[in-house]
Amino acid sequence: MHKWLGLRRLVALSLALFSQWSLASLSLLTEPVQGALVRATVPAGSQVSYQQQKIRVSQQGEFVFGIGRDELGSRTIEWVSADGQTHQQSFEIIARQFAIEKVDGLPPKMVNPDPSLAARIRADAANARKARERNDERLDFMQDFIWPAKGRISGVYGSQRILNGEPKTPHYGVDVAAPTGTAVVAPASGIVTLWQPDMYYSGGTLIIDHGFGVSSTFLHLSASHVQAGQRVEQGQLIAEIGATGRATGPHLDWRMNWMNVRVDPQLLVPAR
Ligand SMILES: [Zn+2]
């Protein structure tokens, strides 16, 4: 009970800090919750560091960073304004509750993949990582994101299954269930950095880079309408929903990254 009260106080404190920020010259445009892609601004011409690491900032002062699912505690943003003055602001990450599902009594083969597939799975992951390495000047990530597909939400970011007592990798995307062939459109503009039709887990996989290290990944696609290297605009048809890879039925799994940090796409689009 004491623990719970402590947590409540912490959340209230960080919310109070957050609401004050619009008065300062640093503005967070996003609440700093676990899984958030936080878009923010400082006065034009400033340099920005997040957790002592210099990060990209536009000439107008826009920048972005991601908060991972399991991050907690305080974070610091430092900026040096055009006049050479150093400013600092800290905030507390706001905790969320994620769904945990326990499934016991499964045959061991279903819990861990066949070791002979390990090399292929590693190669897929390396290709995806490489496609997300870009850190372009483009500000496509500042757009108001739109849903990439119509359909029922059948899975959410952060949920985790514990199979036979073994915690599995949390789910990092938002799933939209819809028939194979349903249109997938670009949730924001960007550059296509990967299209691979047959990854082991994710099947037809497409990645769009939105600039500043922010990217969208779309899994289980049945077809792509674009090619790597191509510029796409928000709302443009990019692919079709499918059930390729390890999917139990046709759905779109939409994931987002800031560099290697996996963030929650659902926090960027209107509720539905
Ligand atoms: Zn999924």
Side-chain angles (χ1 to χ4, degrees), residues 33-37 66-70 96-103 106 110-113 117 120-122 124-125 127-129 131-132 145-164 166-188 192-208 210 214-224 238-258 260-272:
V33 299
Q34 290 175 327
L37 180 75
I67 299 174
R69 174 189 186 271
D70 300 313
R96 288 169 69 183
Q97 285 232 302
F98 299 108
I100 305 293
E101 186 192 354
K102 284 184 183 157
V103 185
L106 291 172
M110 284 190 64
V111 178
N112 289 304
L117 292 164
R120 184 176 167 200
I121 292 164
R122 259 203 314 275
D124 286 350
N127 281 345
R129 211 178 310 118
R132 294 194 195 100
F145 279 63
I146 60 170
W147 280 95
K150 295 192 174 102
R152 178 178 62 88
I153 295 168
S154 58
V156 296
Y157 173 97
S159 58
Q160 185 176 34
R161 301 214 294 170
I162 299 173
L163 307 182
N164 292 355
E166 208 179 303
K168 307 310 283 185
T169 311
H171 187 253
Y172 284 109
V174 57
D175 289 332
V176 178
T180 292
T182 300
V184 178
V185 303
V192 178
T193 55
L194 179 131
W195 160 245
Q196 195 174 318
D198 59 352
M199 285 196 176
Y200 176 72
Y201 279 120
S202 55
T205 305
L206 181 77
I207 299 181
I208 295 179
H210 304 297
V214 178
S215 63
S216 283
T217 304
F218 307 93
L219 315 181
H220 311 303
L221 302 169
S222 60
S224 167
I238 52 170
E240 294 173 24
I241 284 180
T244 55
R246 299 234 304 187
T248 48
H251 74 283
L252 175 69
D253 185 335
W254 172 29
R255 302 181 174 209
M256 284 196 67
N257 275 65
W258 173 69
N260 288 324
V261 181
R262 299 169 177 280
V263 296
D264 185 357
Q266 214 179 336
L267 297 175
L268 291 167
V269 286
R272 76 178 200 197

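These numbers come from the heavy atoms of this one structure, side chains and all, not from hydrogens, waters or symmetry mates. For ligands, and for the atoms within them, numbers begin at 1 and follow the listed sequence.
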Counting only heavy atoms from other residues, nucleotides and ligands, does the tally under 6.0 Å from CG of Asp198 exceed 12?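 More than 12 within 6.0 Å, yes.
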At what distance, to the nearest 0.5 angstrom, does CZ of Arg255 lie from CD1 of Ile207?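 Separation between the atoms: 11.0 Å.
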Over 60° means perpendicular and under 30° means parallel, so tell me whether Trp254 and Phe145 are parallel, tilted or perpendicular.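 Trp254 and Phe145: parallel rings.
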On the ring face of Tyr172, is Arg262 found with NZ or CZ under 6.0 Å from the centre and within 45° of the axis?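 Output yes; distance and angle both within limits.
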Any idea which N/O/S atom from Asp175 gets closest to the Zn ion (ligand 1)?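 This turns out to be OD1.
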Return the name of the atom in Asp253, of element N, O or S, nearest to the Zn ion (ligand 1).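 Closest N, O or S atom of Asp253 to the Zn ion (ligand 1): OD2.
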Hey, is the Zn ion (ligand 1) within less than 2.8 Å of some N/O/S atom on His171?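 Coordinating: yes.
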